[in-house]
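Everything numeric here is computed off the predicted structure, so don't read it as measured data.
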Amino acid sequence: YHYVDYYIGEFYERGFGGEDKKYQAVAWLEKAVHNGNTRAMCALGVFYNNGDLGLTQSDTKAIELFALAADKGHAKARFYVGNSYREGNGGVEIDFNRCVELWKQSATQGNVNAQIHLGDMYELGSEDGPPMTIPVDRQLCFRWNLAAAKQGDVISMKNIGMAYAEGDGVEQNNESAFEWSLKAAKTGDEGAQWVAGFYYEYGVGVDVDLVQALHWYQKSAAQGFQAAIDAVERLS
């Protein structure tokens, strides 16, 4: 019944039992941790990491809990432990190979933050060289950005659009560049809205459509994006 203990802890942590009982969450989460609940391990690790719920902030205690959950296959915990190997916090020595190993496990399980961080890692490399432990790999950068983009991460969508436009880590394809830039634009991102307008205006990956171009430029301009403001004046 460890999951019951976890949910009771979550109930108190969210304040449903009243603010005065919020700190009771810790006791219930500790009980769930003792009985092997990985979600409780990860949650309690976050509270130690942030010094929440009256706990004394402790990177070491946080990493201990994350490591327990990671060993049992918890995706978010694997991401957090990977971070500790990237940053060298909580008494853990920097180890880029171990970091990437854990991030890959987490990313393969669908953790979007791990996918984003892997994309960044392969874009820049581990930057500890020369030689770098993790070298730049544009194809792997594209792969993990695409995984995150498919889960709705806007920055990753824009990265994928740019990668297709430039043939960076993938075969150049204007139609795919337009498709991903439009997806990002539809989330409300002002930069992506300007790009969508540009593609419509100049027929990049899509037929020229000045009405649509103006539509997206106006949306971007309404958010103060200067290049879009200039484009609206030009087309109007």
Check residues 140-158 and write down every donor-acceptor pair under 3.5 Å in which the side-chain atom is one partner and the other belongs to a residue at least two apart or another chain.
residue : atom : partner : partner atom : Å
Asn145  : OD1  : Asn159  : ND2          : 3.2
Asn145  : ND2  : Cys141  : O            : 3.1
Gln151  : NE2  : Gly110  : O            : 2.8
Gln151  : NE2  : Gln115  : OE1          : 2.9
Asp153  : OD2  : Ser156  : N            : 3.0
Asp153  : OD2  : Ser156  : OG           : 2.7
Lys158  : NZ   : Asp189  : OD1          : 3.1
Lys158  : NZ   : Asp189  : OD2          : 3.2

Do any N or O atoms from the side chain of [X] and from the backbone of [Y] form a donor-acceptor pair under 3.5 angstrom?
| X | Y | value |
| --- | --- | --- |
| Ser236 | Val232 | yes |
| Asn35 | Lys31 | yes |
| Glu190 | Ser220 | no |
| Gln223 | Gly188 | yes |
| Gln57 | Asn50 | no |
| Gln109 | Gly73 | yes |

Do you know the tightest heavy-atom contact between [X] and [Y]?
| X | Y | answer |
| --- | --- | --- |
| Leu53 | Ala25 | CD1-CB, 4.0 Å |
| Ala62 | Gly45 | CB-O, 3.3 Å |
| Asp20 | Gly17 | OD1-O, 4.3 Å |
| Arg78 | Ser106 | CB-CB, 4.0 Å |
| Ala43 | Tyr6 | CB-CE1, 4.4 Å |
| Ala192 | Ala184 | CB-CB, 3.5 Å |

With side chains defined as the heavy atoms from C-beta onward, is the minimum distance between [X] and [Y] less than 4.5 Å?
| X | Y | result |
| --- | --- | --- |
| Phe79 | Leu102 | no |
| Trp216 | Val195 | no |
| Met121 | Val100 | yes |
| Tyr85 | Arg98 | yes |
| Leu29 | Ile8 | no |
| Leu124 | Val136 | no |
| Lys22 | Arg14 | no |
| Val33 | Leu65 | yes |

Would Trp194 and Lys219 count as a side chain to side chain contact (heavy atoms under 4.5 Å, CB included) here? Give the steps. CA-CA 8 Å; Trp194 176 82; Lys219 280 186 171 291; over 6 Å; no

Nearest-0.5 Å distance, [atom1] of residue [X] to [atom2] of residue [Y]:
| X | Y | atom1 | atom2 | result |
| --- | --- | --- | --- | --- |
| Glu127 | Phe96 | CD | CZ | 8.5 Å |
| Lys76 | Thr38 | NZ | OG1 | 11.0 Å |
| Leu235 | Glu201 | CG | CD | 4.5 Å |
| Glu166 | Arg138 | CD | CZ | 8.5 Å |
| Leu118 | Asn113 | CG | CG | 11.0 Å |
| Glu179 | Asn173 | CD | CG | 9.0 Å |

Using the rule that Ile, Leu, Val, Met, Phe, Trp and Tyr join whenever any side-chain heavy atoms are under 4.5 Å apart, tell me whether [X] and [Y] fall into a single cluster.
| X | Y | answer |
| --- | --- | --- |
| Val204 | Trp180 | no |
| Tyr3 | Val26 | yes |
| Leu182 | Val206 | yes |
| Trp28 | Tyr7 | yes |
| Tyr164 | Tyr199 | no |

Qualifying residues under side chain to side chain contact (heavy atoms under 4.5 Å, CB included), relative to Asn89, sequence neighbours excluded: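 If we apply the side chain to side chain contact (heavy atoms under 4.5 Å, CB included) test to Asn89, skipping adjacent residues, the hits are Asp59, Ile63, Ser84, Glu87.
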
Could you check whether Phe198 and Tyr202 have their ring centres less than 6.0 Å apart?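 For Tyr202 and Phe198, the ring centres are under 6.0 Å apart.
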
Please step through ring pair (Phe, Tyr, Trp, His ring centres under 6.0 Å) for the pair Phe178 and Tyr200, ending with a clear verdict. CA-CA 9 Å; Phe178 166 74; Tyr200 272 119; 5.1 Å; yes

Once ring pair (Phe, Tyr, Trp, His ring centres under 6.0 Å) is applied, what residue pairs with a partner in residues 33-75 remain, sequence neighbours excluded?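 Ring pair (Phe, Tyr, Trp, His ring centres under 6.0 Å) check on residues 33-75 returns Phe66-Tyr80.
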
Given side chain to side chain contact (heavy atoms under 4.5 Å, CB included), test Asp168 with Met162 step by step and report yes or no. CA-CA 8 Å; Asp168 186 5; Met162 193 177 300; over 6 Å; no

For Asp207, does the CG atom sit with more than 12 other heavy atoms under 6.0 Å from it, leaving out its own atoms?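 No, the 6.0 Å shell around CG holds no more than 12 heavy atoms from other groups.
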
Whether over 12 other heavy atoms sit under 6.0 Å from Glu171 CD: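 12 or below, so no.
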
Could you check whether the rings of His117 and Trp103 sit parallel, tilted or perpendicular, using 30° and 60° as the cut-offs?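 Plane angle over 60°, so perpendicular.
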
Is the closest basic N to carboxylate O distance between Glu101 and Lys104 below 4.0 Å?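 Salt bridge flag = no for Lys104 with Glu101.
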
Please report the C-alpha distance between Leu214 and Gln218 in whole Å, then the side-chain angles of each, then the deciding distance to 0.1 Å, and finally whether the side chain to side chain contact (heavy atoms under 4.5 Å, CB included) criterion is met. CA-CA 6 Å; Leu214 186 58; Gln218 285 173 332; 3.7 Å; yes

